[in-house]
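Below is one structure, written out as structure tokens; comments come after it.
Just so it is clear, the values below take in all heavy atoms, side chains as well, and ignore hydrogens, waters and symmetry mates. Remember, it's 1-based here, ligands and their atoms both numbered in the order they're listed.
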Amino acid sequence: MTVMPRPSILSVEPYVGGESKIPGVNRIVKLSSNEGAFGPPPGAIEAIRAMAAEAHRYPDGSGKAIREAIGARFGLDPARIVVGNGSDELLALIILAYGGEGTDIVMSAHGFLMYEITGRWAGCQIIKVPEKNLTTDVDGMLAAVGPRTRLVFLANPNNPTGSILPQSEVDRLRAGLREDILLVLDSAYAEYVTRPDYDAGAKLVDASGNTVMTRTFSKIFGMGGMRLGWAYAPAPIVDVLSRVRGPFNVNAAAMAAGVAALAEKGWIEKSVAHNTEWRAKVTAGLEAAGIKVWPSEGNFLLADFGTAAKAKAADDAMKSRGLIVRAMGGYGLGSCLRISIGTAEECTMVIEALTAFMHG
Ligand SMILES: *Cc1c(COP(=O)(O)O)cnc(C)c1O
């Protein structure tokens, strides 16, 4: 006899994060985890330093200051915000609270992998719906819903495809789902979106009692290492998440840094302007080199090399120049590489490396 976890746990493929080292290469440019081009906001770095001397104190378990700062910045009621140790934690709490053995999760074929990983942990069956043009197919999602479905996940924009659904399509998805199905809108890249027909999810959360929006400080705010995310939800769902979360699930430095990041003047505007400019420039550069680039609304691009072998060769060519991007085999997109938008210099290195690769 030996100790055994619940059987569904053994079906979990561990999440593989973006690589950060190349043996024998000193100067690394890490463009594998969409961490934002500029590092953390200066005010956030200062806040983390200042918190060091208070490290013996437990954090404020209610997260009052950070919830109020988020509420003020995005025009939301702080009482309807729950903070988490990254939005990954909130996604897990939602799945464990509303899913479990005997229930289904519906997600799109190339949706964010954490839904599947945590869903299996919870014992859910995962239903992946084929996409159209690497974009979520609302009709397909609705057709996949069955009597056991309790959760539907939509990352919008989606990682790793970069594709987006306009508000009208998200509304149509919600309208087609039963009342007892929770729709989770994962808006990790919301701040980067410049399209006018986009809403990050707050409207739908307010209009329905069964929709949750999750957000993160890991992307545009450059604080992935701090682990800070948040959810905006109807009051009964806030109540559930508050029951199951750890009393001190978010650390004090992360919350202080989050407050400071939100107060950093012009940070979002500067980041969006840079991202929009360089996303277009990298797209144009890669297309000029003969590489297909999928349209993206995030701070990353999905470059499609046609075959897995060519994508692997391109990955190797970039690695030899110190450029680390993300291989996409785990997402069923083996012919693609996902490339984060970095600084101007880093983006230029990507264009040069891939142009040389295509010509060589
Ligand atoms: C990065 C990412 C997350 C996770 O963010 P954390 O807040 O760092 O846990 C969630 N969803 C998507 C789609 C992401 O790309």
TODO: Looking only at protein heavy atoms, identify the closest one to atom 5 (O) of ligand 1 and say how far it is in Å.
DONE: Ser87 OG, 3.1 Å
Task: Option from Thr135, Thr283, Asp304 for which side-chain hydrogen bond (donor to acceptor under 3.5 Å, both in side chains) with Trp294 holds - done: Asp304
TODO: Could you tell me whether Arg215 sits above the aromatic face of Phe74, with NZ or CZ closer than 6.0 angstrom to the six-membered ring centre and within 45 degrees of the axis?
DONE: yes
TODO: Can you see which heavy atom on Val238 is nearest to which on Arg80, and at what distance?
DONE: CG2-O, 3.6 Å
TODO: Provide the number and element of each atom of ligand 1 under 4.0 Å from a heavy atom of Ser218.
DONE: 6 (P), 7 (O), 8 (O)
Open item on the list: Which residue and atom name correspond to the protein heavy atom nearest atom 11 (N) of ligand 1, and how close is it?
Closed with: Asp186 OD2, 2.6 Å
- [ ] List every atom of ligand 1 that sits less than 4.0 Å from any heavy atom of Asn159, numbering the atoms from 1 in the order shown and giving each element.
- [x] 13 (C), 14 (C), 15 (O)
- [ ] Specify the protein heavy atom at minimum distance from atom 4 (C) of ligand 1: its residue, its atom name, and the distance to 0.1 Å.
- [x] Asp88 OD1, 3.3 Å
Open item on the list: Do Ile341 and Cys347 make a side-chain contact, defined as non-hydrogen atoms from C-beta onward lying under 4.5 Å apart?
Closed with: yes
Open item on the list: If you take the nearest heavy atom of each of Arg215, Arg227, Met114, which one is closest to atom 9 (O) of ligand 1?
Closed with: Arg227
- [ ] Could you tell me how the ring of Phe305 sits relative to the ring of Phe357: parallel (under 30°), tilted (30 to 60°) or perpendicular (over 60°)?
- [x] perpendicular
Open item on the list: When you compare ligand 1 with Lys219, is there at least one nitrogen or oxygen pair between them that comes in under 3.5 angstrom?
Closed with: yes
